[in-house]
Amino acid sequence: MQYFLIKSEPSVYSWDTFLQEKQTFWSGVRNHQAKNNLKLMKKDDLLLFYHSNEGKEIVGVAKVLTEAYKDDTAAETDKIEWVGVDVVPVETLKKPITLAFIKADEILKEMLLVKQSRLSVTTVTKQEFERVLELANM
DNA sequence: GCCAACGTTGGC
DNA sequence: GCCAACGTTGGC
C-alpha cells in the first residue's frame, strides 16, 4: 500500500464536485515528477486530497481505482505520453488539515507538500498519512 | 550543453 | 499583488 497527495484548486475542481461525481479521471498533469508519481499508483492506494490557493488544506481521502493510463486531454502534438488515474472519494475529513497546521506539526512539516510546494502529485509516507487521519478525526 | 529570459504555481 | 521556486525555451 502506497500513499500520495494530490492537489487541486477548488475553483477548478473541488472536493465537493468530486463527491457529487463520485469518480473522476485525474488528468491534466504536465510535469514529469508528478507523472512519475501517477505511474507509481496501484489500485486501492490511498490519496490525500488537498485544496491549493483557496483553503490550503487537506479535505479528504480518495482511492485509486485504476493504474495510470493515457491522458487523452494531452495535445496530439505533445511528444510525451501523459497519464492519468481513475479515483473515487473515500471519506471527508471531519476536520480539514490546514497548511499552517501541517507546518506546525513535527511529523507533517516534513511532507513533500511543504518541501516541494509546486508539485501537484507527491508521495506521502505511511506515518504522515496516518498522522493526518489521526489529527483530522480528533 | 550552458544559461538568461520568461512563464507558471502557489503561499503570503 | 508580490515574489520565491522551479520548469521551459531559445540564443549562442
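Letters A, B, ... are given to chains in the order of the sequence lines, protein chains preceding strands, and every chain is numbered from 1.
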Suppose we screen for salt bridge (charged side-chain N to carboxylate O under 4.0 Å, His left out). Which residues come up paired with Asp16(A), at least two apart in sequence or across chains?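 Here no residue qualifies.
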Partners of Lys63(A) by salt bridge (charged side-chain N to carboxylate O under 4.0 Å, His left out), sequence neighbours excluded?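 Expected list: Asp44(A).
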Any ring pair (Phe, Tyr, Trp, His ring centres under 6.0 Å) pairs touching residues 85-114 of chain A, not counting sequence neighbours?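 Counting only pairs at least two positions apart or across chains, no ring pair (Phe, Tyr, Trp, His ring centres under 6.0 Å) contact touches residues 85-114 of chain A.
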Taking only residues two or more places apart in sequence, or in another chain, which ones meet Gln23(A) in a side chain to side chain donor-acceptor pair (under 3.5 Å)?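 Gln23(A) satisfies side chain to side chain donor-acceptor pair (under 3.5 Å) with no residue once adjacent residues are dropped.
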Identify each atom pair where a protein N or O and an N or O of nucleotides 1-9 of chain B are less than 3.5 Å apart, giving names and distance.
from   : atom 1 : to        : atom 2 : distance (Å)
dT8(B) : O2     : Arg118(A) : NH2    : 3.1

Partners passing ring pair (Phe, Tyr, Trp, His ring centres under 6.0 Å) against Tyr3(A) (at least two apart in sequence or in another chain): Phe129(A)
Tell me, please, which residues at least two apart from Phe49(A) pass ring pair (Phe, Tyr, Trp, His ring centres under 6.0 Å).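 Trp15(A), Phe18(A), Trp26(A), His51(A).
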Residues of residues 97-108 of chain A with a heavy atom under 4.0 Å from any atom of DNA chain B, listed by number, are Leu99(A), Lys103(A)
List the atom pairs, donor and acceptor, that lie under 3.5 Å between side-chain atoms in residues 110-122 of chain A and the rest of the protein, sequence neighbours left out.
from      : atom 1 : to        : atom 2 : distance (Å)
Glu110(A) : OE1    : Lys115(A) : NZ     : 3.0
Gln116(A) : NE2    : Gln33(A)  : OE1    : 3.2

